[in-house]
Asks: 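After the structure tokens below, expect a handful of questions from me.
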Protein chains: 2
Amino acid sequence: MTDKRDQLEALAMENAQRCGMSGMSFRTLADEVGIKSSSVHYYFPEKSDLARALIERYSDDFFAALDKIENSNWNLRRKVKAFIAIFEDVARNKKLCLCGMMAAEVEQLDDHNRSLLEQYFKNIEKWLVKLLEDNHQDVRTELPPRLIAKTLLAGLEGALLLDRVAGDMQRIKAQKELFLSLIE
Amino acid sequence: MTDKRDQLEALAMENAQRCGMSGMSFRTLADEVGIKSSSVHYYFPEKSDLARALIERYSDDFFAALDKIENSNWNLRRKVKAFIAIFEDVARNKKLCLCGMMAAEVEQLDDHNRSLLEQYFKNIEKWLVKLLEDNHQDVRTELPPRLIAKTLLAGLEGALLLDRVAGDMQRIKAQKELFLSLIE
DNA sequence: GTCTATATACAGATAGAC
DNA sequence: GTCTATCTGTATATAGAC
């Protein structure tokens with residue numbers, strides 16, 4: 001049994017990725033773990049504390065996955081495939097990226113959480129740029145790494161959004177094909 | 001003076017594109033046009049009626065813009081630029097695509113509105129495919145039109161999302177550059 | 001068409017007992 | 001830590017008067 005705070009975070013994460021910010025109400029969470037909503041406030045005094053915990057948790061998990069990819073001895077193509085596979089996993093589970101979802105409802109976040117969100121996207125792009133620069137010999141296009149990083153990430157986030165509405169994975173698949181075509 | 005229903009729709013559209021679904025509450029709208037929330041129900045019996053009106057209005061405006069592009073005598077490059085310019089306009093005004101926003105909160109929509117949303121994206125892709133096929137001689141890549149259409153649209157939707165968080169237009173700019181590089 | 005009044009539900013949040 | 005109880009705010013929605 002994990003501790004209750006962790007349990008609450010995990011549940012809130014599920015709900016948020018499926019139902020947006022409205023899916024992480026203190027009452028719903030309380031019901032699901034079998035306590036009262038006032039007790040949830042013990043762990044997360046304000047809603048923004050919960051939102052922050054989720055962004056940090058999602059971000060930590062994501063960059064842990066990137067670390068694994070970075071420390072492998074795979075070639076660029078396989079590394080990019082592994083990067084895209086993180087998003088394919090989200091799509092397969094009919095979820096959204098937590099941060100993509102929050103980006104759509106950013107007006108509900110306080111300044112600190114907004115800047116966490118901004119950093120999340122920037123750091124992913126930074127990681128991608130480094131990956132592409134370190135393997136420039138395997139990149140088939142003249143387009144700068146910064147541009148490839150930005151369009152790859154934005155396209156994956158958009159694909160998650162649109163594919164969930166359509167109930168398929170066509171756009172994420174297309175995005176994968178397009179960017180793999182730019183790599184040896 | 002436009003009629004009140006139209007005024008309500010226009011305001012709801014603004015709010016929704018800036019603040020998400022929570023931005024289109026009947027009370028807020030009522031306050032803004034100077035009537036009571038119960039009077040808003042006269043025009044839109046239920047919230048889903050308002051949501052539907054917005055999707056249809058946004059969709060109609062969008063495809064009217066596509067018609068103009070289609071009926072021009074521009075070459076492919078200029079037409080694609082004009083297509084992307086629709087999204088640049090949204091970004092410049094710090095807004096989201098209405099349908100992109102709703103895609104992020106799709107669990108709040110009823111079945112009918114979900115299918116309107118799905119059709120919106122599918123029809124844009126269809127329009128793009130036709131554009132690319134009709135001008136295949138100006139397309140620099142072997143990638144099929146269907147794939148280009150899907151990645152262009154998803155990338156623009158994602159770019160709107162991420163750029164608004166960052167407060168700039170870097171991703172939309174990158175998306176433009178990438179896809180113009182595929183065209184003569 | 002617009003109003004007042006109201007029903008009902010749910011949100012975030014806090015005080016204070018145990 | 002968790003509870004009960006409660007406050008406050010807001011949401012959608014409806015009945016019925018004018």
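This is a predicted model, so every value here is computed, not measured. Residue numbers start from 1 in every chain, and the chains themselves are labelled A, B, ... in the order their sequence lines are given, proteins ahead of strands. What's counted below: heavy atoms across the whole structure, side chains too, no hydrogens, waters or symmetry copies.
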Asks: Looking at A:R140 and A:E184, is there a salt bridge between them, counting it only when a charged N and a carboxylate O are closer than 4.0 Å?
Replies: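 Yes.
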Asks: Can we say A:D6 and A:R57 salt-bridge, meaning some charged N sits less than 4.0 Å from an Asp/Glu carboxylate O?
Replies: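 Salt bridge present between A:D6 and A:R57.
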Asks: Within this structure, what is the NZ-to-C1' distance between B:K36 and C:dA5, rounded to whole angstrom?
Replies: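 Checked: the NZ to C1' distance equals 11 Å.
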Asks: May I have the step-by-step check of ring pair (Phe, Tyr, Trp, His ring centres under 6.0 Å) for B:F87 and B:F62, ending in yes or no?
Replies: CA-CA 10 Å; B:F87 293 82; B:F62 196 94; 5.8 Å; yes
Asks: So, is A:S39 near the phosphate of D:dC3, with a side-chain N or O under 4.0 Å from OP1 or OP2?
Replies: yes
Asks: When you check the gap from the basic side-chain N to the acidic O, do B:E177 and B:K173 get nearer than 4.0 Å?
Replies: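 Salt bridge: no.
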Asks: Between atom CG in A:D3 and atom P in D:dT2, what is the gap in whole Å?
Replies: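 Spelled out: CG on A:D3 to P on D:dT2 is 10 Å.
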Asks: Would you say D:dT2 has OP1 or OP2 under 4.0 Å from some side-chain N or O of A:Y42?
Replies: no
Asks: Where each residue is assigned the nucleotide of DNA chain D containing its nearest heavy atom, which of A:I35 and B:S22 is assigned the position nearer the 5′ end?
Replies: A:I35
Asks: Is it the case that atom NZ in B:K95 sees more than 12 heavy atoms from other parts of the structure closer than 6.0 Å?
Replies: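 Atom NZ in B:K95 is packed in, count exceeds 12.
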Asks: Between C1' on C:dA11 and CD on B:Q108, what's the gap in Å once rounded to a whole number?
Replies: 13 Å
Asks: Heavy-atom contacts under 4.0 Å between residues 10-17 of chain B and DNA chain D, which residues?
Replies: none
Asks: For the pair A:R5 and A:E9, find out whether any cationic side-chain nitrogen is under 4.0 Å from an anionic carboxylate oxygen.
Replies: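 Result for this pair is yes, salt bridge flagged.
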Asks: Tell me, please, which residues at least two apart from A:D61 pass salt bridge (Lys or Arg N to Asp or Glu O under 4.0 Å).
Replies: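 By the salt bridge (Lys or Arg N to Asp or Glu O under 4.0 Å) rule, A:D61 matches no residue at all.
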Asks: For a quick check, with a 4.0 angstrom heavy-atom cut-off, what is the B/S/- contact string for nucleotides 12-18 of chain C, read 5' to 3'?
Replies: BBB----
Asks: Counting only side-chain N and O atoms of B:K4, is one of them less than 4.0 Å from OP1 or OP2 of C:dT2?
Replies: yes
Asks: Is A:K94 salt-bridged to B:E107, cutoff N-O under 4.0 Å?
Replies: no
